[in-house]
Amino acid sequence: MNKKWIVAAVIAVLLIVVLASSVYTVEENQYACRVQFSKIVETTDQAGLHFKIPFVDTVKYFSKATTLYDIPPSEVLTSDKQNMTVDCYVLWKIEDPLKFYQTLGSTVVAEERLNALTYNELKTVMGTLAQADIINMEDGAKRNEIYDGIAETVNNQAKTYGITVEDVKIKQFDLPDSNLNAVYSRMISERNQIAEMHTAKGNQDATMIRSEVDKKVNIMISNANATAAALVAEGEAEYMKLLADAYNTADKKDFYEFTLALDALKASLNGDEKTVILDANSELAKILMGASE
């Protein structure tokens with residue numbers, strides 16, 4: 001009786017093991033490849049429970065999700081024979097798991113192949129651009145056009161491995177330490193030349209503006225002086241006319257000369273000395289002597 005139970009238990013265990021070995025599960029984001037003696041006999045991306053031959057078939061799983069591969073920085077040569085270090089990444093995914101398994105077999109090998117494909121294309125494209133153009137590339141549309149061209153070429157080559165390359169992006173361009181300082185010095189020199197050019201242009205414009213302003217000021221002063229001289233001459237002419245009108249008779253003339261003599265005498269008596277010596281023949285002496293008489 002005990003032997004029967006033991007045999008039944010062994011058979012039950014074997015059945016459980018066989019049953020467990022004959023099924024496998026596939027998740028939503030997976031490809032499953034059923035391999036028989038190192039050869040794929042079936043591939044599926046349908047999520048759920050699937051059957052296989054126990055102890056004969058094995059299952060290889062590959063992700064359906066897009067993977068980011070950060071390519072190690074590498075040096076490329078520009079069209080003017082200057083070295084630059086490029087740092088980029090690749091977005092890729094498995095499109096054909098059968099072809100992927102047959103040609104590459106693993107993600108590690110796939111990334112090695114993508115590294116080589118991307119580097120070769122980068123080297124080709126960067127070889128058509130001068131270093132100065134790459135450093136000063138400010139047009140985003142042109143930069144995206146270069147990225148799209150690289151991604152398209154790498155994708156066409158990667159299709160032979162069952163891979164789809166969705167995007168290739170350059171994160172950063174760096175200069176090797178050997179010529180970094182030289183490039184910085186050249187950039188500083190170029191910026192200084194531009195600054196000097198703008199300064200010279202500004203000084204030239206300022207000189208022209210000052211000359212124009214000085215010219216206008218001189219013209220205004222000259223016109224003002226001419227106007228003032230004309231006014232003075234007009235005033236003097238009017239003054240002389242008034243004098244002529246005021247002293248147009250002998251009596252008026254004598255009175256005018258008398259007032260002028262008094263003004264002269266008054267001007268000479270502006271100090272402490274009040275004595276005046278006059279020639280007896282002078283008009284002022286005659287006037288004063290006549291007044292005393």
Side-chain angles (χ1 to χ4, degrees), residues 7-76 85-126 144 146-172:
V7 171
V10 170
I11 292 173
V13 171
L14 290 175
L15 289 174
I16 293 172
V17 172
V18 170
L19 182 63
S21 301
S22 62
V23 296
Y24 64 96
T25 58
V26 179
E27 297 182 2
E28 289 286 346
N29 62 341
Q30 284 183 327
Y31 292 112
C33 299
R34 187 160 60 88
V35 181
Q36 192 175 97
F37 304 113
S38 301
K39 180 180 179 181
I40 294 180
V41 295
E42 182 186 17
T43 62
T44 181
D45 61 351
Q46 299 297 319
L49 191 66
H50 298 267
F51 294 94
K52 63 184 181 69
I53 301 175
F55 310 112
V56 176
D57 294 345
T58 58
V59 180
K60 295 285 187 180
Y61 293 101
F62 300 108
S63 175
K64 294 166 62 176
T66 299
T67 303
L68 185 148
Y69 173 48
D70 195 356
I71 298 178
S74 56
E75 288 193 2
V76 295
T85 302
V86 58
D87 188 6
C88 64
Y89 66 87
V90 177
L91 294 176
W92 67 282
K93 67 178 181 179
I94 299 172
E95 193 70 32
D96 187 342
L98 176 60
K99 187 180 293 185
F100 178 83
Y101 178 77
Q102 291 173 341
T103 56
L104 300 175
S106 69
T107 300
V108 174
V109 178
E111 290 180 345
E112 292 175 354
R113 192 59 52 87
L114 286 172
N115 190 351
L117 294 176
T118 306
Y119 173 71
N120 289 335
E121 183 60 20
L122 282 172
K123 184 169 64 174
T124 300
V125 172
M126 294 302 111
N144 290 332
I146 293 174
Y147 296 159
D148 293 341
I150 294 173
E152 182 178 359
T153 302
V154 175
N155 180 52
N156 292 334
Q157 296 173 350
K159 285 181 179 179
T160 58
Y161 307 111
I163 293 174
T164 294
V165 175
E166 297 180 348
D167 199 5
V168 176
K169 280 290 188 293
I170 298 173
K171 297 190 294 183
Q172 186 175 1

Asker: Sequence neighbours excluded and cut-off under 3.5 Å, please list the side-chain donor-acceptor pairs for residues 26-33, or say none.
Answerer:
unit_1: Gln30; atom_1: OE1; unit_2: Glu27; atom_2: N; d: 3.1
unit_1: Tyr31; atom_1: OH; unit_2: Ile94; atom_2: O; d: 3.2

Asker: Show every donor-acceptor pair shorter than 3.5 Å between a side-chain atom in residues 105-120 and any protein atom, with sequence neighbours excluded, or say none if there are none.
Answerer:
unit_1: Ser106; atom_1: OG; unit_2: Val109; atom_2: N; d: 3.4
unit_1: Arg113; atom_1: NH1; unit_2: Tyr161; atom_2: OH; d: 2.9
unit_1: Thr118; atom_1: OG1; unit_2: Leu114; atom_2: O; d: 2.8
unit_1: Tyr119; atom_1: OH; unit_2: Glu75; atom_2: O; d: 3.0
unit_1: Asn120; atom_1: ND2; unit_2: Ala116; atom_2: O; d: 3.1

Asker: Which atoms form the tightest heavy-atom contact between Lys99 and Thr160, and what is the distance?
Answerer: CD-O, 3.3 Å

Asker: Ring centres under 6.0 Å, that's the criterion: do Phe62 and Phe100 meet it?
Answerer: yes

Asker: Roughly how far, to the nearest 0.5 Å, is the CD1 atom of Ile150 from the NZ atom of Lys169?
Answerer: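 If we round to the nearest 0.5 Å, Lys169:NZ and Ile150:CD1 are 10.0 Å apart.
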
Asker: Begin with the C-alpha distance, continue with both residues' side-chain angles, and end with the deciding distance and a verdict on side chain to side chain contact (heavy atoms under 4.5 Å, CB included) for Ser74 and Thr85.
Answerer: CA-CA 5 Å; Ser74 56; Thr85 302; over 6 Å; no

Asker: Look only at the side chain of Asn155 and the backbone of Ala151, and say whether a donor-acceptor pair between them is shorter than 3.5 Å.
Answerer: no

Asker: Against Val154, only a single residue in Val90, Val165, Leu122, Asp167 fulfils side chain to side chain contact (heavy atoms under 4.5 Å, CB included); can you say which?
Answerer: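 Output: one option passes, namely Val165.
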
Asker: I'd like to know whether CD of Glu166 has more than 12 heavy-atom contacts from other residues, nucleotides or ligands below 6.0 angstrom.
Answerer: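 Check passes, neighbour count above 12.
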
Asker: For the CD1 atom of Ile163 and the CG atom of Leu104, what is their distance to the nearest 0.5 Å?
Answerer: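 Those atoms lie 5.0 Å apart.
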
Asker: Does any part of the side chain of Leu98, heavy atoms only, come nearer than 4.5 Å to the side chain of Gln102, both counted from C-beta?
Answerer: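 Contact flag for Gln102/Leu98 side chains = yes.
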
Asker: Checking Tyr101 now: which residues fulfil ring pair (Phe, Tyr, Trp, His ring centres under 6.0 Å) with it, not counting sequence neighbours?
Answerer: none

Asker: Give, for atom NZ of Lys93 and atom NZ of Lys64, the distance between the pair rounded to the nearest 0.5 Å.
Answerer: 9.0 Å

Asker: Could Lys171 and Asp70 be called an ion pair, given the rule that one side-chain N must be under 4.0 Å from one carboxylate O?
Answerer: yes

Asker: Measuring from atom CD of Gln157 to atom NZ of Lys159, what distance do you get when rounded to the nearest 0.5 angstrom?
Answerer: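 Gln157 atom CD to Lys159 atom NZ measures 11.5 Å (nearest 0.5 Å).
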
